Amino acid sequence: MSLLELDDVKVHFPVRKGVLFNRTVGHVYAVDGVSLKVEAGQTYGLVGESGCGKTTLGRGVLRLVDITDGEVVFDGTDLAKLPEEEMRRYRRRLQMVFQDPLGSLNPRQNIESILSEGMAAHGIGKDQDERRERIKEILAKVGLPTNALSRYPHEFSGGQRQRIGIARALVLEPDVIICDEPVSALDVSVQAQVINLLEELQESMGLTYLVIAHDLAVVRHISDVIGVMYLGSLVEEAPSDALYAGPKHPYTKALMSAVPVPDPEVEDRRERILLQGDLPSPANPPAGCRFHTRCPWAQDRCAAERPVLTDVGDGHKVACHFAAEIEAGTLELTRPTGIEAVTETKAVAAEGPDADKVAIPAQSSGDQPAEKKAEKQEQDSAEADALAKADALAKADAPVEADAPAKAEAPAGADEAAEADALAKTDDVPPADDADAGKADADDADAPESDASGAESAKTG
Amino acid sequence: MALLSVEELSVTFTAKGRKDSTAVDGVSFDVDQGQVVGLVGESGCGKSVTSLALMGLLPGKGVKVGGRAEFDGKDLLSMSPRKLRDMRGSQLAMIFQDPLSSLNPVVPIGVQVTEILERHRGLKGEAARKEAANLLDRVGIPDPTRRLKEYPHQLSGGMRQRALIAMAVACAPRLLIADEPTTALDVTIQAQILELLKELVDQEGTALLMITHDLGVVAGLCDQVNVLYAGRAVESAGRRELFAHPTHPYAHGLLGSIPRLDAPRGEPLSPIRGSINDRIAWADGCAFAPRCDYYTMECLTGTPELTEPRAAGHQVRCVNPVLPKPKAEVSA
Ligand SMILES: Nc1ncnc2c1ncn2[C@@H]1O[C@H](COP(=O)(O)OP(=O)(O)OP(=O)(O)O)[C@@H](O)[C@H]1O
Ligand SMILES: Nc1ncnc2c1ncn2[C@@H]1O[C@H](COP(=O)(O)OP(=O)(O)OP(=O)(O)O)[C@@H](O)[C@H]1O
Ligand code: SF4
Ligand code: SF4
Ligand SMILES: [Mg+2]
Ligand SMILES: [Mg+2]
C-alpha cells in the first residue's frame, strides 16, 4: 500500500454574498475529484497553472482546509474523517514547507524559538536542552551555521530562510513533507541549492515528498511521478521521464511546449502549441472536459462528457477521450494553434462575445495542415458571460479591490499612472508584517502560514 | 549608430541617514533598430533601476545618475522632464511586470487607450476610438469594442498585459522596454505574450529591450544578451554564442544551476554557492569573488576589465574566464 493515498478528494469553497455573507451563491471548485498515490520514499510532483488547486490540495491533505468529499489515507488511516483530536497526532508526521519563507516565519522569534515551538507542542525532546541539540543536528543537515540559533529570520537570505523552513519541518521527524512552491521565491542560483538539499535529505532520511510547483522544469527534475492539474483535477499522471518523453494530454502538451528552455538551439526548433484564451474560473468550470474551451482538438463529445483519468499502460494515466487518436495523428485540430489561423479566430470573435479565444501566431506551424480547416466552435455567449461573471466573483477576494483605493489617487492618464507606479516600485518595500495574524490561528504550532488566517476567516465568515 | 547607446550608466541612491547604495554600477550596452536585447540577472542586480533611469522615471530626489545614455543621438539623462515625457509618449515606451498596477483601475481600458492616441497622435473622438479598437485587436484581444468599455480588473492577467502592450505600441515607438513582462503570468499565457512581442519586432521593426531573470525567455527571444551581476554587465554576447559558451563564471554557473525540462532526470544540478548578499564592492574587485570557483588573488585588484577572451564581440568581465582547456592539457 502507498504511504499516502488520495481518493476522489474534493475541496469546494462556498462563495458567499449578502450583507452578512450568509447567502451561499455558488462554489469555487478548487479541488474537484483528485485521486493519487504517493509511494514511501518517493517524490510526487504536482504541476499546473495558477489557481488550478495545487495549494488547496496540499492544505486539504493536512486538513488546513475542510475536505468536502473523498478520502486522504495516510499510512492506512483516512485523515479526512478523523476528529481534530486524533488528527493532531498525524500533524507531526505530515509537514509542509511554504513558498514564502519570510511570510511563514515569525519575525520576532529567533530561530531556536521557531524550531523548538513545534517540537514542544508535539512533545519531542524532554527539555529545551535536548531539543536544542536536536535542532543543531538538523541545522547542520540543512547547511546552516549553529550560530543561526539566536538570530532572527530577517538576518538571513531567501535561500537560508527556506532552509529554516525545511528545518522547521524536519525537527518534527515527519514521514511526508508537502513542499508548496519550495523554490519559486528564490533566485535562480539559489534554487539549485535548495533543490539539491531536498534531494539529499530525501536520500539520507528516507523522506516522502509531495512537491507542488508551477515550474515544470523544477518538478520534472525532482519528481519520480508527476501529476498535471487543470482546474481542480488531474488530467495526466506519469513517471517523470515518460511524461517528458511523451505527454499525452493536450493540456500537458501545450504546457510543456510553452516552457522556455535556456538553449537557443532548442528554442529555435521547438514547436509551440499556443493555447487560446485564459483559464476559466474554478467557480464556473466548463462542463464535460474542463479543458474543452481551450483544447485545440476539442470535439462535440468533450463538452458533454467528462473524461476520467485512465491508465493507458506503464502507469501512464490520462484523462482525455481522444488521447489515442491524438497520439495516432488521426484527429483533426478544431482550433487554430498557429499563425494562419489568426483571421479565422477573429471571425469567430466577431460572432459573439467570446472571452476565451485568442490566437497568437505559433513559432512554427507549417506542417499542421489541419489548422486551416474550418472551425466549428459555437460557444454560446451565455456561457462566456457567465464565466466572466464568475470570474468577477472569484476576483472579489483578490488584492484587486484592496489596491483600488490607493491607486485611485494616482493622476488620471495611463502615462502618469504608469509613472506613479514606477516610482512606487523603486521603493524597497519590506514585506507586510502579518506574522501576528498568522500566529492567531496557529493553534497547531506547525502552521503559522501567513495566508492561513485569511483562509480561516473566509471559512468562518 | 545604435538606436540606444548606454555607456557606464550608474545609479546611486543617497537617502538621508542611510549609506549610499549603488544599484547600477557602470552598465554599458547598445540596442540597434529592430533588435531584441536582453538584460538578464537575478533579483536586485539593477535591471529595473536601469530601465527606470533610461525612461527618466527615477525619483527626482536622493538619486545620483552617472554615465551616458543616448537615444537616437540625444542624451536621455540630461533631457528636460518635458521633452522626456514627449519622447516617452512617442518614441520610447515601457511595459511592466504587473500590468494591473500600470493601468488606472478606475478608468475603462478604452479611455486609457484613446487618451494616448489623442495626446500623442492627435486623433479625436470616433477616429481615436476606432484606432483603439484596432490596437486591441492587433494584440489579440477578442471583441475589442466590448473590452474597451471594461475596467482593468475585469480583464485577466494575460489580457491586461496585452492591453498594456497595445498602449505601449499605440504610437509606434522605436524602442520598447519590457521589464519582466511575463513574470507574473502563467507559462501558457507567457508563451502567447512572447509571441506577440516577437511579432511586433518582426513586423514593426521596433527595438526591444527585454528585461528578465529567465534565461529560457532570453534564449528564445533576444539577439544580444547582457548578463548583469550586482549592477554591472559581466558578460555580453550574441544569444547563440552566450548559451553555447558561457564564459564568465557567474553566467557559466547560472546555466549549470537551472533545471532544464529537457535534461534527463537524476542529473544533479551544480548550484552557485552563497547568495547575492555575499559580495564585495566592484571598486575593490570582482563582486562575484566570494561565490566564485575560479577566484584568485588577482580578482581583488579593482574592477575586472571587459575583455574578449573567446570571440570578437563576446565580452567578459573576468580575470579567469571559463575557457576550454588547451589541447595539450587535455591529452596529458
Ligand atoms: N479559502 C478560500 N476560499 C475561497 N476560494 C479559495 C480559497 N483558497 C483558494 N481558493 C480558490 O481556489 C482556487 C485554487 O487555489 P489554489 O491556491 O489552490 O491554486 P494554486 O494551484 O495553488 O495556484 P497558485 O499557483 O497561484 O498558487 C483558486 O481559484 C482560489 O482563488
Ligand atoms: N528607490 C530606491 N532606493 C534605494 N534602493 C533602491 C531603490 N530602488 C531600487 N533599489 C535597490 O537597487 C537595487 C537594484 O534594484 P532593481 O529593482 O533594479 O533590481 P532588479 O534587477 O530589477 O530585481 P528584480 O528582479 O527583483 O526586479 C536593489 O538592491 C534595490 O533594493
Ligand atoms: S477530452 Fe476533448 S477537450 Fe478534453 S483534452 Fe481530450 S480532446 Fe481535448
Ligand atoms: S574575476 Fe575572479 S572572482 Fe570574478 S568571476 Fe572572474 S575568476 Fe571569479
Ligand atoms: Mg499555490
Ligand atoms: Mg525588477
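So that the names make sense, note that chain A is the first sequence line, chain B the second, and so on, each numbered from 1. For clarity, every value in this text was computed on a predicted model and none was experimentally measured.
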Which atoms of [X] are under 4.5 Å from chain B, going by heavy atoms: the side chain, the backbone, both sets, or neither?
| X | value |
| --- | --- |
| A/Val219 | neither |
| A/Asp187 | both |
| A/Asn196 | side chain |
| A/Ile195 | side chain |

Using a cut-off of under 4.5 Å for heavy-atom pairs, which of B/Ser48, B/Pro268, B/Ala263, B/Gly253 has the most such pairs with chain A?
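If we count pairs closer than 4.5 Å to chain A, B/Ala263 comes out on top.
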For the candidates B/Ser43, B/Pro152, B/Ala93, B/Pro144, which exhibits the highest count of non-hydrogen atom pairs separated by less than 4.5 Å from chain A?
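Result: the option with the highest number of such pairs is B/Ser43.
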Which residue out of [options] racks up the most heavy-atom pairs below 4.5 Å with chain B?
| options | value |
| --- | --- |
| A/Gly158, A/Ser240, A/Pro264, A/Ser257 | A/Pro264 |
| A/Ser157, A/Ser223, A/Ala245, A/Gly159 | A/Ser223 |
| A/Glu49, A/Met256, A/His221 | A/Glu49 |
| A/Val188, A/Val194, A/Asp215 | A/Val188 |
| A/Gln191, A/Glu265, A/Gln193 | A/Gln193 |

Begin from the C-alpha positions of B/Asp262 and A/Arg270 and carry the test salt bridge (Lys or Arg N to Asp or Glu O under 4.0 Å) through to its verdict.
CA-CA 12 Å; B/Asp262 59 343; A/Arg270 81 187 308 158; over 6 Å; no
First locate atom [atom1] of [X], then atom [atom2] of [Y], and finally report the distance between them rounded to the nearest 0.5 Å.
| X | Y | atom1 | atom2 | result |
| --- | --- | --- | --- | --- |
| B/Ile141 | B/Leu196 | CD1 | CG | 9.0 Å |
| B/Met167 | B/Leu136 | CE | CG | 10.0 Å |
| B/Arg260 | A/Arg220 | CZ | CZ | 11.0 Å |
| B/Ile165 | B/Arg138 | CD1 | CZ | 11.0 Å |
| B/Arg119 | B/Asp86 | CZ | CG | 9.5 Å |

Side chain, backbone, both or neither of [X] within contact of chain A (heavy atoms, under 4.5 Å):
| X | result |
| --- | --- |
| B/Val187 | both |
| B/Asp179 | neither |
| B/Ile276 | side chain |

Test item: A/Cys52 and A/Lys54 side chains (from C-beta on) under 4.5 Å apart, heavy atoms
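Yes. Closest side-chain heavy atoms under 4.5 Å.
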Using every non-hydrogen atom in the two residues, find where A/Ser189 and B/Ser257 come nearest and quote the distance to one decimal.
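Of all heavy-atom pairs spanning A/Ser189 and B/Ser257, the closest is CA-OG, 3.9 Å.
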Given 3.5 Å as the limit, does a donor-acceptor pair link the side chain of B/Gln161 with the main chain of B/Phe96, or not?
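Yes.
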